[in-house]
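Read through the structure below, which is laid out as structure tokens, and then see the notes.
In the text below, chain A, chain B and the rest are named by the order of the sequence lines, each starting its count at 1.
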There are 4 protein chains.
Amino acid sequence: MGAASEEPTAVDGKRRQRAAATKEQLLVAAREVFEERGYQAATVGAITKLANTAHGTFYLYFKNKEDVFGEIITEVVRELYERSLGPFVSLPPEGGVNRTPDAIRALLTVFAEHRGLWRALLEAVLQSATIEQRWLDLRRTFTDRIMIRLGELEAAGTARPLDAEVVAHALVAMVEWFAFAGCVFEEPDPATIGIDRSTAVLADIWTRAISL
Amino acid sequence: MGAASEEPTAVDGKRRQRAAATKEQLLVAAREVFEERGYQAATVGAITKLANTAHGTFYLYFKNKEDVFGEIITEVVRELYERSLGPFVSLPPEGGVNRTPDAIRALLTVFAEHRGLWRALLEAVLQSATIEQRWLDLRRTFTDRIMIRLGELEAAGTARPLDAEVVAHALVAMVEWFAFAGCVFEEPDPATIGIDRSTAVLADIWTRAISL
Amino acid sequence: MGAASEEPTAVDGKRRQRAAATKEQLLVAAREVFEERGYQAATVGAITKLANTAHGTFYLYFKNKEDVFGEIITEVVRELYERSLGPFVSLPPEGGVNRTPDAIRALLTVFAEHRGLWRALLEAVLQSATIEQRWLDLRRTFTDRIMIRLGELEAAGTARPLDAEVVAHALVAMVEWFAFAGCVFEEPDPATIGIDRSTAVLADIWTRAISL
Amino acid sequence: MGAASEEPTAVDGKRRQRAAATKEQLLVAAREVFEERGYQAATVGAITKLANTAHGTFYLYFKNKEDVFGEIITEVVRELYERSLGPFVSLPPEGGVNRTPDAIRALLTVFAEHRGLWRALLEAVLQSATIEQRWLDLRRTFTDRIMIRLGELEAAGTARPLDAEVVAHALVAMVEWFAFAGCVFEEPDPATIGIDRSTAVLADIWTRAISL
DNA sequence: CATGAATGAGACTTCATTCAT
DNA sequence: AATGAATGAAGTCTCATTCAT
């Protein structure tokens with residue numbers, strides 16, 4: 001109506017910043033709440049309280065609990081990918097050195113760094129179809145990439161002929177669930193086993209599974 | 001001691017039967033409800049409704065939702081054990097034939113027969129400390145037994161020297177999560193893959209993991 | 001119909017005995033439960049359990065919780081009357097010795113012997129109109145008798161002219177609530193005060209209240 | 001620290017007012033419900049219905065039934081203290097005029113003004129340990145103050161040597177229970193007796209109990 | 001007489017979500 | 001952009017009482 005709406009720059013910039021900051025606060029708080037309480041026990045109230053925000057503010061930035069969790073988990077899985085599988089698959093298949101242990105160690109490390117969050121993830125996946133879908137999509141990044149890799153290795157003569165799809169799923173299942181079980185159920189207790197033994201065994205099985 | 005002890009037979013027997021029948025109805029209904037809705041979405045109301053019972057009757061036989069679920073899951077895990085691992089570990093370690101595929105196929109079969117229930121189990125384990133404990137105890141039956149088996153095989157010279165504890169957990173993780181993922185997330189879709197390929201791959205990896 | 005119903009003696013006698021025994025068991029059990037849990041928290045289930053009786057049996061002898069409690073309380077109040085006020089009022093008013101301390105000590109003693117029950121009584125009176133009525137009727141026995149006594153004393157010239165009705169209620173209120181407060185709230189703590197000091201003070205106030 | 005701290009005045013004031021008004025509504029409604037139904041029969045549902053509030057709103061302001069009741073009762077007991085004992089004990093002990101009758105009349109008046117509430121209080125005290133504690137604490141204000149007073153009077157030579165602790169409790173018991181019995185059980189019926197006779201008798205006994 | 005399985009009403013409490021300011 | 005008061009649905013569990021054997 002007035003001239004106000006025509007010059008958005010100055011004020012708008014500040015607003016946008018403030019908004020981003022608020023969202024960030026909420027995100028950080030949410031992460032902490034999910035880590036501590038898990039998915040289903042986490043409440044919007046707890047998040048806004050920790051974020052020093054009004055309850056209603058939450059709904060300015062997220063549709064609901066599902067929604068925040070989706071953002072958080074996307075972020076974490078991205079980290080997981082970038083630190084474990086990513087570096088691994090970017091190498092040429094013929095590489096003389098076996099990088100599997102590195103990838104597995106990295107994965108176990110990332111899991112260990114966010115214990116509570118993985119439990120929450122498991123819960124959330126089972127509680128919300130939306131999150132389940134999102135997670136399965138992210139997860140497929142891993143299995144698909146590994147499937148491709150297995151094909152490459154096979155073609156390069158480094159691996160024996162395999163039922164790539166099933167093998168990929170089986171190996172991912174092994175590593176993933178071993179990691180989950182460790183940080184969610186402490187079974188086997190990671191503190192007792194130590195990352196070295198775990199890495200060694202998992203990488204060994206992995207390698208034997210595909211090698212000639 | 002009371003006046004009751006005189007004619008316990010006739011009436012008492014009938015009563016006991018009726019009571020057992022009611023409990024069975026509730027158990028069956030509960031199982032169905034858990035299969036359809038999962039753990040957390042299942043309500044006592046839904047169970048009693050399906051069982052054609054008054055709401056209060058439920059509490060005559062179970063302390064709460066946790067409690068029924070505990071009974072159901074114990075039963076299912078027992079079945080799982082008896083049909084898959086049980087027959088396997090009762091054979092002598094030197095047996096010329098590899099029984100691993102049989103055990104794995106049996107396990108995948110039992111999982112497939114109770115799809116919804118496994119999802120509920122996963123949920124319940126994450127939601128209730130009591131059930132988590134119960135499940136971990138039951139699960140330990142498997143890992144422990146396999147650990148022992150690995151020792152036997154090693155001693156018999158059929159397997160190479162292994163970090164039995166970690167290997168057992170890794171292999172169990174692989175098979176278990178492969179099975180879970182199949183029936184909970186249809187990832188990979190069991191219908192597409194087929195039990196034969198799954199069995200073949202899992203048994204193969206398992207065997208290679210331990211053989212000389 | 002047959003001849004059976006015509007000779008009720010032998011069998012009937014046994015039945016009656018057994019019935020009486022059962023009722024007694026329930027009564028004893030009820031008393032214990034009320035003492036331990038109070039009125040409202042006491043359940044028929046707890047009573048029958050303690051009485052080693054079927055749940056339904058309770059309803060053969062009592063209409064409901066109110067009903068048993070009525071019987072119990074009548075009994076206790078009778079005891080209270082017989083041991084405290086009764087002996088007191090049966091003496092001639094001119095009696096040279098002041099019997100008030102004896103009556104009060106007796107009353108405090110009876111209260112102390114049934115602690116839990118008095119709390120239950122208070123609860124019950126507030127919870128059930130029937131019991132309230134019953135209790136008020138029993139209680140009136142006390143106040144009425146004292147009112148009469150005050151009249152006698154006045155006539156005998158032992159007491160000054162008094163508003164007998166109100167004085168009786170005031171004195172009863174004092175002793176009664178002092179006793180209740182002691183065993184229900186431990187305020188003042190009977191163990192600390194001791195029955196002698198309590199008796200002395202109450203009897204003293206009582207005596208001064210009516211003496212010339 | 002959040003973004004909230006900029007314009008706290010205008011909107012905030014209105015909101016606070018509205019909130020206070022809602023709480024007040026609930027408090028008033030609760031009081032009415034407790035007066036009519038007593039403590040245990042009162043339900044949160046009845047309170048919110050009378051307050052024209054959603055059920056959940058109640059829990060925005062009170063933790064539960066116990067909690068509201070605590071607030072109400074604190075308020076009423078404060079009133080009781082300020083109108084009866086307070087003015088009384090603030091006078092110098094030597095005061096030529098006996099103020100006991102005024103204090104007692106005031107107390108009986110306050111009791112009469114909140115009949116239902118006192119019944120509820122009695123119930124609540126017996127039903128909830130928290131309220132019992134709260135009430136005993138408030139009540140101790142009375143007995144302690146009177147104990148001190150008795151000491152002062154004794155020192156001033158206005159009262160005879162006494163077992164102050166027990167006497168205080170006995171006199172408080174008398175007045176308190178007389179008042180309770182009147183408004184809870186109508187025994188004796190206050191309408192019949194009238195406040196003047198009650199006051200006269202209670203004050204008379206009180207005075208005689210302590211005077212030389 | 002005694003039994004004990006079955007009933008079902010009812011109160012409590014939590015929280016995601018909305019919306020007026 | 002932020003606030004925070006208000007909403008109301010939903011599920012849990014207990015127990016007095018009945019009634020068919």
Side-chain angles (χ1 to χ4, degrees), chain A residues 11 14-16 18-19 21-23 41-46 48 53-61 63-66, chain B residues 2-8 10-16 18-23 40-46 48 53-65, chain C residues 11 14-16 18-19 21-23 41-46 48 53-61 63-66, chain D residues 2-8 10-23 40-46 48 53-61 63-65:
Chain A
V11 178
K14 291 220 169 179
R15 279 211 172 180
R16 224 171 278 163
R18 170 170 298 187
T22 305
K23 182 168 182 178
T43 67
V44 173
T48 52
T53 296
H55 199 133
T57 303
F58 178 89
Y59 292 90
L60 246 37
Y61 298 99
K63 240 181 60 206
N64 47 35
K65 198 163 75 165
E66 250 180 2
Chain B
S5 46
E6 294 192 23
E7 316 168 50
V11 177
D12 251 45
K14 290 218 171 179
R15 266 215 253 275
R16 224 171 279 168
R18 181 167 289 200
T22 304
K23 181 169 183 178
Q40 110 100 17
T43 68
V44 172
T48 52
T53 297
H55 198 133
T57 303
F58 177 90
Y59 293 92
L60 243 39
Y61 297 98
F62 309 99
K63 239 181 60 206
N64 48 35
K65 196 165 78 167
Chain C
V11 178
K14 292 222 169 178
R15 279 215 173 179
R16 224 171 281 164
R18 167 169 302 189
T22 304
K23 180 168 184 177
T43 67
V44 173
T48 53
T53 297
H55 200 134
T57 304
F58 178 89
Y59 292 89
L60 248 36
Y61 296 100
K63 240 181 58 207
N64 47 34
K65 196 162 76 166
E66 249 180 4
Chain D
S5 45
E6 295 193 22
E7 318 167 48
V11 178
D12 251 46
K14 289 218 170 177
R15 267 215 252 274
R16 222 172 277 166
Q17 272 191 1
R18 182 168 285 198
T22 304
K23 182 169 183 177
Q40 110 101 19
T43 66
V44 172
T48 51
T53 296
H55 199 133
T57 303
F58 177 90
Y59 293 91
L60 242 39
Y61 297 98
K63 240 182 59 206
N64 48 34
K65 196 164 76 166

**OP:** Between A/Phe58 and D/Phe58, name the one whose nearest nucleotide on DNA chain E is closer to the 5' end.
**Re:** D/Phe58
Subject >> Smallest separation among heavy atoms of D/Lys65 and D/Gln40, with atom names >> reply: NZ-O, 3.3 Å
**OP:** Measure the spacing between CZ of B/Phe58 and NZ of B/Lys63 and express it to the nearest 0.5 Å.
**Re:** 11.0 Å
Original post:
The side chain of B/His55 lies closest to which of these nucleotides: E/dT13, F/dC13, F/dT17?
Top reply: F/dC13
Original post:
Can you give the dot-bracket line for DNA chain F, using ( ) for pairs inside the strand, [ ] for pairs that cross earlier ones, | for pairs with another strand and . for unpaired bases, where Watson-Crick and G-U count if both distances are under 3.5 Å?
Top reply: .||||||||||||||||||||
**OP:** Could you work out which one of F/dT12, E/dT17, F/dG4 sits closest to the side chain of D/Arg15?
**Re:** F/dG4
Subject >> Residue D/Asn64, side-chain heavy atoms: nucleotide from E/dT13, E/dT7, F/dT7 that is nearest >> reply: E/dT13
Original post:
Relative to the 5' end of DNA chain E, which residue comes earlier, C/Gly56 or D/Lys65, by the nucleotide with the nearest heavy atom?
Top reply: C/Gly56
**OP:** Remember a base hit wins even if backbone is also touched, and classify A/Thr57 as base, sugar-phosphate or nothing at under 4.0 Å, heavy atoms.
**Re:** base
Original post:
Using a cut-off of less than 4.0 Å, is there contact between a side-chain N or O of A/Tyr59 and OP1 or OP2 of E/dT17?
Top reply: yes
Original post:
Rounded to the nearest Å, what distance is computed from the NZ atom of residue D/Lys63 to the P atom of nucleotide E/dT14?
Top reply: 10 Å
**OP:** Look at the side chain of B/Thr43 and decide which nucleotide, out of F/dT3, E/dA6, F/dG11, has an atom nearest to it.
**Re:** F/dG11
**OP:** Give A/Ala21 one of three labels, base, sugar-phosphate or nothing, depending on what nucleic acid heavy atoms sit under 4.0 Å from its own.
**Re:** nothing
**OP:** Consider the side chain of D/Arg18, meaning its heavy atoms from C-beta on, and name the nucleotide among F/dA5, E/dA5, F/dT17 that approaches it most closely.
**Re:** F/dA5
Original post:
Do D/Thr57 and D/Thr22 come within less than 4.5 Å of each other through their side chains, counting heavy atoms only?
Top reply: yes
Original post:
Across the strands shown, which category fits B/Phe62 at heavy-atom distances under 4.0 angstrom: base, sugar-phosphate, nothing?
Top reply: nothing
Original post:
With sugar-phosphate meaning primed atoms plus P, OP1 and OP2, does A/Ala42 contact a base, only sugar-phosphate, or nothing at under 4.0 Å between heavy atoms?
Top reply: sugar-phosphate
Original post:
Just checking B/Tyr61: base, sugar-phosphate only, or nothing, at a heavy-atom cut-off of under 4.0 Å?
Top reply: sugar-phosphate
Original post:
Counting side-chain heavy atoms from C-beta on, which of F/dA5, F/dA2, E/dA2 comes nearest to C/Leu60?
Top reply: E/dA2
**OP:** Mind telling me whether C/His55 and C/Tyr59 have parallel, tilted or perpendicular rings, with 30° and 60° as the class edges?
**Re:** parallel
Subject >> Distance test, side-chain N/O of B/Thr53 to OP1/OP2 of E/dA6, below 4.0 Å >> reply: no
